[in-house]
Amino acid sequence: MNRAIELLAPAGDLARLKTAVRYGADAVYLGGKRFSLRSRASNFEIADIAEGVQFAREYGAHVHVTVNIIPHEEDFDGLNDYLRQLESIGVHAVIVASPSIVKRVKTVAPKLEVHLSTQMSSTNSLAVQFYRNLGADRVVLARECTMEQIRSLCAHSEAPIETFIHGGMCVNYSGRCTLSNAMTLRDANRGGCAQSCRWRYHLYQDSQKLSEDHLLFSMGSKDLMAADYVKDMIEAGVASLKIEGRMKSAYYIAVVVRAYRQLIDWLRAHPDEDPSAAVQAAQQELMRAENRPACTGFLAGIPGPQDHLYDNAPSRVTHDFLAQVLDYDPARGQALIEVRNHFEIGEMLEAFGPHLKNTPFVLETMEDEEGELVAVANKPLQRCWINAPAVFHPYDLIRRKERKL
């Protein structure tokens, strides 16, 4: 259980990359402006990737770049130069979804590790060995693998194995949905998924309409939350645990990365103890970041009706995240914060950070930078000094103590 395992987090932009690293990610993955899925994410220019690599290196972390487009003939234009750029700025690995790109990387940028994307739907050790022989340094399994299959794959595969533990799930087989293509001409495998499975539909059997006009049908999957299986994955020999969500907020990244970081560290420090309490604590923390219901995906077997969103419950927009800490004055016992959401004097808040445990406190005092008393924080990016019950650090976050929907 003391074997190191990588915690891999998403980064939609440079700020979120830094958040993921500060909050405990061993590596981050991101997309460039070309050759990457998630076309609606902010994505990175080469200069931003270089800055991210340097920042991650200061924390002993790596940067992986997605080159996971399913390429058409014209998509190879400029690829060689792009790969050489990534290699020259110190990127650790590229995540690819085409055997042709695996070979291309090994030829033009051999210092880059090649990680085979979940888009390739690898579900057996023979496929993993094929990609290993082709040159892949790591294989990201399809999300449709059960825990028992993951154990078998790790036991019979030479290539290191990466698995998803948290985030959105595709209602179709990993990377093989064409609903978006058919309905919107946006190619899901070239970065344009319209998430058609989450739309609202009338449901028919033959010519009879089964759905009610006010209650339409949806077929999206619940999100994945695999805290229950982290110990199993470590013991199975999984090399990397991956969090999905390059389009998620910095608050989401901070909460999710920190929860899994703390769980992994606890498991390594207490290999012979019952992990139930640690797992439950992680799950409770993870729920503070979720805006959709979650399940364990395929890990326990084929998901049932309870693991889908047939009732099309809308995403819950939360206002938990209130502010980020900018500075702390020990003489005054106050913290300078930057406001993100509305809150008022008298509310019960909670501060947390990479090195700050969850710290509840009542907001008793608040003043602006000119020293004027403030009763309500309601201006985005407003800066205020507030009472702090402990030593706060820059990049610590403040949220409501209890979730407000």
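Side-chain atoms are counted along with the backbone in the values below, which use heavy atoms only and exclude waters and symmetry mates.
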With side chain to side chain contact (heavy atoms under 4.5 Å, CB included) as the criterion, how do R198 and R292 come out once you've worked through the C-alpha distance, each side chain's angles and the decisive distance to 0.1 Å? CA-CA 12 Å; R198 297 182 185 177; R292 299 200 312 143; 2.7 Å; yes
Please test Y131 against M120 for side chain to side chain contact (heavy atoms under 4.5 Å, CB included), starting from the C-alpha separation and ending with a verdict. CA-CA 10 Å; Y131 292 122; M120 297 302 287; 3.2 Å; yes
Apply side chain to side chain contact (heavy atoms under 4.5 Å, CB included) to the pair L216 and L203, showing each step before the final yes or no. CA-CA 7 Å; L216 301 183; L203 180 63; over 6 Å; no
Would F164 and V140 satisfy side chain to side chain contact (heavy atoms under 4.5 Å, CB included), going step by step from the backbone distance to the final call? CA-CA 8 Å; F164 279 89; V140 188; 3.9 Å; yes
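With no hydrogens or angles considered, a side-chain donor-acceptor pair links Q129 and N133 at under 3.5 Å. In the model, E212 has a side-chain atom that pairs as donor or acceptor with a side-chain atom of H214 under 3.5 Å. In summary, the side chains of N80 and R104 do present a donor paired with an acceptor at a separation below 3.5 Å, with no hydrogens or angles considered.
Listed by first and then second residue, the salt bridge (charged side-chain N to carboxylate O under 4.0 Å, His left out) pairs involving residues 157-166 are R138-E162, E162-K242 (not counting sequence neighbours).
Salt bridge D265/R268: absent, no basic N to carboxylate O contact under 4.0 Å. In this structure, E285 pairs ionically with R399, as a charged nitrogen and a carboxylate oxygen lie closer than 4.0 Å. Note on R288 versus D320: salt bridge recorded, some NZ/NE/NH1/NH2 to OD/OE distance being below 4.0 Å. The residues R84 and E87 are annotated as not salt-bridged, no charged nitrogen and carboxylate oxygen being separated by less than 4.0 angstrom.
In this structure, the salt bridge (Lys or Arg N to Asp or Glu O under 4.0 Å) partners of D137, at least two apart in sequence or on a different chain, are K106. With sequence neighbours excluded, the residues satisfying side chain to side chain donor-acceptor pair (under 3.5 Å) with E367 are R332. Take D272 and apply the side chain to side chain donor-acceptor pair (under 3.5 Å) test, not counting sequence neighbours, and it matches no residue. Applying the side chain to side chain donor-acceptor pair (under 3.5 Å) test to K18 and every residue at least two apart in sequence or in another chain returns E51. Looking at residues two or more places apart in sequence or on another chain, you find a salt bridge (Lys or Arg N to Asp or Glu O under 4.0 Å) between D26 and R261. H92 is linked by a ring pair (Phe, Tyr, Trp, His ring centres under 6.0 Å) to H62, H64, counting only residues two or more places apart in sequence or in another chain. Taking the salt bridge (Lys or Arg N to Asp or Glu O under 4.0 Å) definition, one finds that K357 meets it with nothing, sequence neighbours left out. Residues passing the side chain to side chain donor-acceptor pair (under 3.5 Å) test with E338 are R340, sequence neighbours excluded. With sequence neighbours left out, F55 forms a ring pair (Phe, Tyr, Trp, His ring centres under 6.0 Å) with Y59. In this view, W385 satisfies the ring pair (Phe, Tyr, Trp, His ring centres under 6.0 Å) rule with no residue, not counting sequence neighbours. Applying the ring pair (Phe, Tyr, Trp, His ring centres under 6.0 Å) test to Y260 and every residue at least two apart in sequence or in another chain returns H166.
Summarising the geometry, atom CD belonging to E244 is positioned 10.5 Å from atom OG1 belonging to T118; distances are rounded to the nearest 0.5 Å. The CG atom of L322 sits 7.5 Å away from the CD1 atom of I398 when rounded to the nearest 0.5 Å. Rounding to the nearest 0.5 Å places SG of C384 at 8.0 Å from CD of E369. Between I46 atom CD1 and Y82 atom OH the span is 5.0 Å, to the nearest 0.5 Å. The distance from atom CG of L349 to atom CG of L363, rounded to the nearest 0.5 Å, is 5.0 Å.
Residues L153 and V128 have side chains in contact (heavy-atom distance under 4.5 Å, counting atoms from C-beta outward). Side-chain contact between T365 and Q334 is present, with heavy atoms from C-beta onward closer than 4.5 Å. Side-chain contact between E290 and Y252 is present, with at least one heavy-atom pair separated by less than 4.5 Å.
Judged by distance alone, with hydrogens and angles left aside, the side-chain atoms of T66 form no donor-acceptor pair with the main-chain N or O of N68 at under 3.5 Å. Between the Q382 side chain and the K379 main chain, a donor and an acceptor come within less than 3.5 Å of each other. Of the possible polar contacts, one joining the E347 side chain to the E344 backbone as a donor-acceptor pair under 3.5 Å is found. A donor-acceptor contact shorter than 3.5 Å is absent between the side chain of S157 and the backbone of A159. With hydrogens and angles disregarded, a donor-acceptor distance shorter than 3.5 Å links the side chain of D13 to the backbone of A15.
Both the sub-6.0 Å distance and the 45° axial angle are not jointly satisfied by R258 relative to the ring of Y23. Geometrically, R22 engages Y395 in a cation-pi contact defined by less than 6.0 Å to the ring centre and at most 45° from the axis. The cationic group of R246 does not satisfy the cation-pi geometry with Y29, failing either the under 6.0 Å distance to the six-membered ring centre or the 45° limit from the ring axis.
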